[in-house]
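Only this structure's heavy atoms are used, side chains among them; waters, hydrogens and symmetry mates stay out. Letters A, B, ... mirror the listed sequences (proteins, then strands); counts begin at 1.
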2 protein chains.
Amino acid sequence: MKGPRVSSGIRKQQILAAAKRCFQRKGYAQTTIDEIAAEYGMSKGSLYWYYPSKKAVLIDLFRVFVEETLNRILTEIGSIRSARDRIVAIGERLARSLQEDIELFSALIVFWESSFLDESIREMLMDQYRFYGRILTGLLDDGERAGEFAVPDKKIYAALMIAMMEGVIVRQVLNKDLDLEEIRRSVSGVMNRLLPEKERQTGPAGSSHTGKHGS
Amino acid sequence: MKGPRVSSGIRKQQILAAAKRCFQRKGYAQTTIDEIAAEYGMSKGSLYWYYPSKKAVLIDLFRVFVEETLNRILTEIGSIRSARDRIVAIGERLARSLQEDIELFSALIVFWESSFLDESIREMLMDQYRFYGRILTGLLDDGERAGEFAVPDKKIYAALMIAMMEGVIVRQVLNKDLDLEEIRRSVSGVMNRLLPEKERQTGPAGSSHTGKHGS
DNA sequence: CATAACATACTGATCAGTCAGTTTAGTTCA
DNA sequence: TGAACTAAACTGACTGATCAGTATGTTATG
């Protein structure tokens, strides 16, 4: 590369941001490349300089979604000791991310719909599902080993917890009528209730650094 | 009407069934009218005799979805006395319907995606959401009055329960990798756990929670 | 023989992707 | 220093394919 006017990364970011806004407004199929180009203020030819196809934009948008939101959450909660608190924190932070970056989550429904058509997108989604399932199942394992709680069927529980968060996302993306601050607080209570305690704990489940070490 | 070859109702049913299969395979935007016509074995002209537009087919499909699945469930559980059992039964029957008629539920994602584009579809969906929210909130009220359980924030709880079922639908429609029989059983346990008991019951649910918790 | 029910060729609009050309930033060399 | 050169970055008109909806014709039925 001899002389980029701005860095290739910046342009791609701009394109993705524009695409995100367009997809949110009209969905994937209804959004034209020209609209995306207009939205980020350059021409269609420029867009095709950075991305080979409309589908490639969508896929890269999903990649960014995963990297920037979900993996960040998983990193952030890594320092929390108790498995229970970590699980609760995932729900809380997901709700907060949803509040802050609703447009990105809107793209999820686009992915779901596209996955009917495109096998590669479906595979990407399934990989993510399996990944989150493993994460959560692992956390349930940790909590059980540490004696924090016991759940009878960890895999199903993990699936249902993920399902709940996903349902909240759907509802919010379509409607935006829920009070997310309220949801954020409630998710904590619900998650807690879903994890029956083996032994009595002192405080409300958050923040307590009891003697027993986590994972 | 002088002489229908088959009744108009039958034809519409056939068209909707064909559309349902097509939408499931390819999504709404990617499905052509010709494909739907081919799927139900007649021509495009015939389809337009019964429906004025592609969108009208989608909307009627949603109407059937609501009438045939969700309202039926609500009617069926009407005879159950205990509010708790009624709530649990909704979850169980929804899981069973999902198992039996996955194609119909697939159309839900199509509706969600279409609602970005079409305000009337969005309004239809929102009406349904509000309706189910009221139903569930009412059930929580009933249970509380009968002394079966107490939940601190009924509206949010209703929303989260609906969200969970919706998430299960998404997961199953996209992946079909969950054991729905297992889900059906687990949903019962999860729903029970989400309804903290006022008085001691025999079940293994997390009854050790005292009143003040979380939030 | 009237009309409901169905078939099919057509149209106008849309849109993803292409391509030939233009502009700008950086490099070379006198 | 700057003119000549080069390739990256960008433009926008164009194309070929697609498809919803229509127009017009055909067949079956009471």
For A:Lys54 and for B:Tyr50, locate the closest nucleotide of DNA chain C by heavy-atom distance; then report the residue assigned to the nucleotide nearer the 5' terminus. B:Tyr50
With the side chain of [X] defined as its heavy atoms from C-beta on, choose the nearest nucleotide among [options].
{"X": "A:Met42", "options": "C:dG17, D:dT11, C:dC6", "value": "D:dT11"}
{"X": "A:Arg11", "options": "C:dA16, D:dC10, C:dC6", "value": "D:dC10"}
{"X": "A:Ser43", "options": "C:dT18, D:dG12, D:dA9", "value": "D:dG12"}
{"X": "A:Trp49", "options": "D:dA8, C:dA16, C:dA4", "value": "D:dA8"}
{"X": "B:Asp34", "options": "C:dG17, D:dA20, C:dC15", "value": "D:dA20"}

Between [atom2] on [N] and [atom1] on [X], what's the gap in Å once rounded to a whole number?
{"X": "B:Ile33", "N": "C:dC10", "atom1": "CD1", "atom2": "C1'", "answer": "17 Å"}
{"X": "B:Lys12", "N": "C:dA5", "atom1": "NZ", "atom2": "C1'", "answer": "15 Å"}
{"X": "A:Glu35", "N": "C:dT14", "atom1": "CD", "atom2": "P", "answer": "12 Å"}
{"X": "B:Tyr48", "N": "D:dT24", "atom1": "OH", "atom2": "P", "answer": "18 Å"}
{"X": "A:Gln30", "N": "C:dC15", "atom1": "CD", "atom2": "C1'", "answer": "12 Å"}
{"X": "B:Tyr51", "N": "C:dC6", "atom1": "OH", "atom2": "C1'", "answer": "17 Å"}
{"X": "A:Leu58", "N": "C:dA16", "atom1": "CG", "atom2": "C1'", "answer": "15 Å"}
{"X": "B:Lys26", "N": "D:dT18", "atom1": "NZ", "atom2": "P", "answer": "11 Å"}

Describe the nucleic acid contact of A:Ser46 in one word from base, sugar-phosphate, nothing, applying a heavy-atom distance below 4.0 Å. base
Can B:Glu76 and B:Arg72 be said to form a salt bridge (charged side-chain N to carboxylate O under 4.0 Å, His left out), step by step? CA-CA 6 Å; B:Glu76 281 174 13; B:Arg72 179 175 53 79; 3.0 Å; yes
Output yes when a side-chain donor or acceptor of B:Glu113 lies under 3.5 Å from a complementary backbone atom of A:Tyr28, and no otherwise. yes
Note: A:Lys26-A:Glu35 ion pair, threshold 4.0 Å (strictly below): yes
Can A:Glu100 and A:Arg96 be counted as an ion pair, charged N to O under 4.0 angstrom? no
Show the nearest heavy-atom pair for residues A:Leu139 and A:Phe149, with the distance to one decimal. O-CZ, 4.1 Å
Is it the case that D:dG21 (base atoms only) and B:Lys44 (side chain only) share a donor and an acceptor within less than 3.5 Å, ignoring hydrogens and angles? yes
